[in-house]
Amino acid sequence: MTTILVTGGTGTLGRLVTEKLRADGHEVRVLSRHSEPYAVDLRKGGPALDAALAGVDTVVHCASSPNGGDEKAAGHLIAAARRAGVAHLVYISIVGVDRVPLPYYRAKLAVERRIEESGLGWTVLRATQFHDLMVTFLGKLTAPPLALLPAALSDQPIEVAEVADRLAELALTTPSGRVPDMGGPEVRPVSSLARAYLNATGRHRRLLEVPLCGRTYGAFRAGGHLAPEQAVGKGTFEEYLARRFG
């Protein structure tokens with residue numbers, strides 16, 4: 001039996017990774033800022049982090065914040081993992097972090113590089129956006145009666161449970177470096193996803209596609225965040241919407 005620590009283990013992805021590993025009979029420690037007995041703010045580190053990692057074989061690093069601090073958190077985690085003799089660090093990243101100049105993506109790429117240079121055994125998996133994040137995005141865009149959508153933009157949402165299963169699988173293998181990306185089953189125009197969301201929620205909105213400007217939008221429009229050649233996901237956006245909204 002392997003002892004595994006999951007950072008961000010109470011979050012959308014980390015919770016499912018934890019459940020999968022425990023169902024397979026492994027001892028799993030959940031690390032998050034407010035989850036005892038391993039309540040740790042990775043951005044601060046400290047003795048509690050060392051205690052959480054004592055005797056751990058593998059770390060699955062799911063904790064992340066679009067508000068900043070990921071690089072500092074990774075630095076504390078890597079240093080503590082070295083002290084604890086952790087054999088394998090598994091990290092979930094995002095497709096396009098090396099192509100889209102979004103600050104959050106740049107931070108995720110910087111964390112990847114820190115892990116690669118850490119001296120630890122490591123595995124990095126990049127995935128496209130989760131279905132629930134797409135719903136949050138579309139919920140904001142379609143709040144007004146006239147919904148303004150970014151023109152010529154597509155996305156490739158994926159089922160979070162599928163990514164969790166893959167992370168759990170990787171945690172139980174030897175360090176594999178950068179593994180193939182995981183993309184959702186379909187690359188869809190945002191307008192198509194918006195219509196599916198409106199149909200599922202029983203709302204009517206006029207949709208208007210508006211061209212934007214800037215390097216980040218250009219990178220998204222060029223598909224820098226997509227992985228059409230790795231469309232390995234099975235669950236569709238409509239299936240997710242049906243479960244969530246009935």
Side-chain angles (χ1 to χ4, degrees), residues 7-8 11-13 60-75 77-78 89-118 122-138 140-141 148-160 162-164 166-167 170 175-194 209-237:
T7 73
T12 301
L13 175 62
V60 182
H61 186 26
C62 298
S64 185
S65 173
N67 297 322
D70 277 11
E71 291 181 64
K72 181 179 287 186
L77 180 63
I78 289 167
L89 175 55
V90 181
Y91 181 57
I92 179 64
S93 190
I94 305 171
V95 169
V97 292
D98 54 344
R99 298 190 294 263
V100 178
L102 193 69
Y104 180 51
Y105 280 30
R106 286 175 171 169
K108 297 287 283 187
L109 180 60
V111 172
E112 285 188 14
R113 289 173 175 163
R114 278 180 175 248
I115 290 171
E116 292 168 8
E117 297 166 359
S118 67
W122 61 275
T123 300
V124 170
L125 169 68
R126 293 180 184 175
T128 54
Q129 305 295 333
F130 300 152
H131 288 141
D132 66 303
L133 184 61
M134 179 54 57
V135 162
T136 299
F137 173 66
L138 293 174
K140 293 177 180 178
L141 289 181
L148 303 180
L149 307 180
L153 195 66
S154 295
D155 211 282
Q156 191 181 357
I158 191 169
E159 175 61 48
V160 63
E162 295 177 5
V163 179
R166 177 62 172 146
L167 280 178
L170 291 170
S176 304
R178 170 86 184 280
V179 297
D181 297 346
M182 282 191 74
E186 301 172 303
V187 175
R188 303 260 301 270
V190 168
S191 58
S192 170
L193 295 167
E209 294 191 70
V210 179
L212 304 178
C213 60
R215 291 178 58 227
T216 298
Y217 173 64
F220 277 123
R221 188 177 57 191
H225 61 305
L226 306 176
E229 71 288 351
Q230 292 293 334
V232 296
K234 303 299 182 185
T236 67
F237 190 54

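Residue numbers count from 1 along this sequence. Only heavy atoms go into these numbers, but all of them, side chains included; no hydrogens, no water, no symmetry mates.
Note that the CG atom of L109 and the CZ atom of R99 stand 11.0 Å from one another [nearest 0.5 Å]. To the nearest 0.5 Å, atoms NE2 (H131) and CD (E159) are separated by 6.0 Å. A distance of 4.5 Å separates CZ of F130 from CG of L13, quoted to the nearest 0.5 Å. Taking CD1 of I94 as the reference point, atom CG of L125 lies at 11.5 Å (rounded to 0.5 Å). The CD atom of Q129 sits 6.0 Å away from the CG atom of D155 when rounded to the nearest 0.5 Å. The structure places OG1 of T12 at 9.0 Å from CG of L133, a figure rounded to the nearest 0.5 Å.
A227 and T128 get closest at one heavy-atom pair: N-CG2, 4.3 Å. Across all non-hydrogen atoms, the minimal contact from R106 to P101 is NH2-CB, 3.3 Å. Across all their heavy atoms, V187 and S154 have their closest contact at CG1-CB, 3.9 Å. Closest heavy-atom contact between A231 and P185: CB-O, 4.0 Å. Of all heavy-atom pairs spanning V100 and G224, the tightest one is CG2-C, 4.0 Å. Closest of all the heavy-atom pairs between P157 and E186 is CD-O, 4.3 Å.
Exactly one residue among R114, K108, R126, R178 makes a side chain to side chain donor-acceptor pair (under 3.5 Å) with Y91. That residue is K108.
In this structure, E162 contributes its side chain and K234 its backbone to a donor-acceptor pair below 3.5 Å. A donor-acceptor pair under 3.5 Å links the side-chain atoms of T123 to the main chain of S176, judged by distance alone. The backbone N or O of L149 lies less than 3.5 Å from no partner atom in the side chain of E209, so there is not a single donor-acceptor pair. Judged by distance alone, with hydrogens and angles left aside, the side-chain atoms of S118 form no donor-acceptor pair with the main-chain N or O of I78 at under 3.5 Å. Put simply, the side chain of E71 never gets that close to the backbone of A110: no donor and acceptor are under 3.5 Å apart. Using a distance-only test at 3.5 Å, with no hydrogens or angles considered, no donor-acceptor pair links the side chain of H61 to the main chain of G8.
Judged purely by distance below 3.5 Å, without hydrogens or angles, the side chains of Y105 and T216 never pair a donor atom with an acceptor atom.
Contact check for V190 versus L138: side-chain heavy atoms found under the 4.5 Å cut-off. Side-chain contact between V179 and R166 is present, with heavy atoms from C-beta onward closer than 4.5 Å. Under the 4.5 Å side-chain criterion, counting only non-hydrogen atoms from C-beta, V111 is not in contact with S64.
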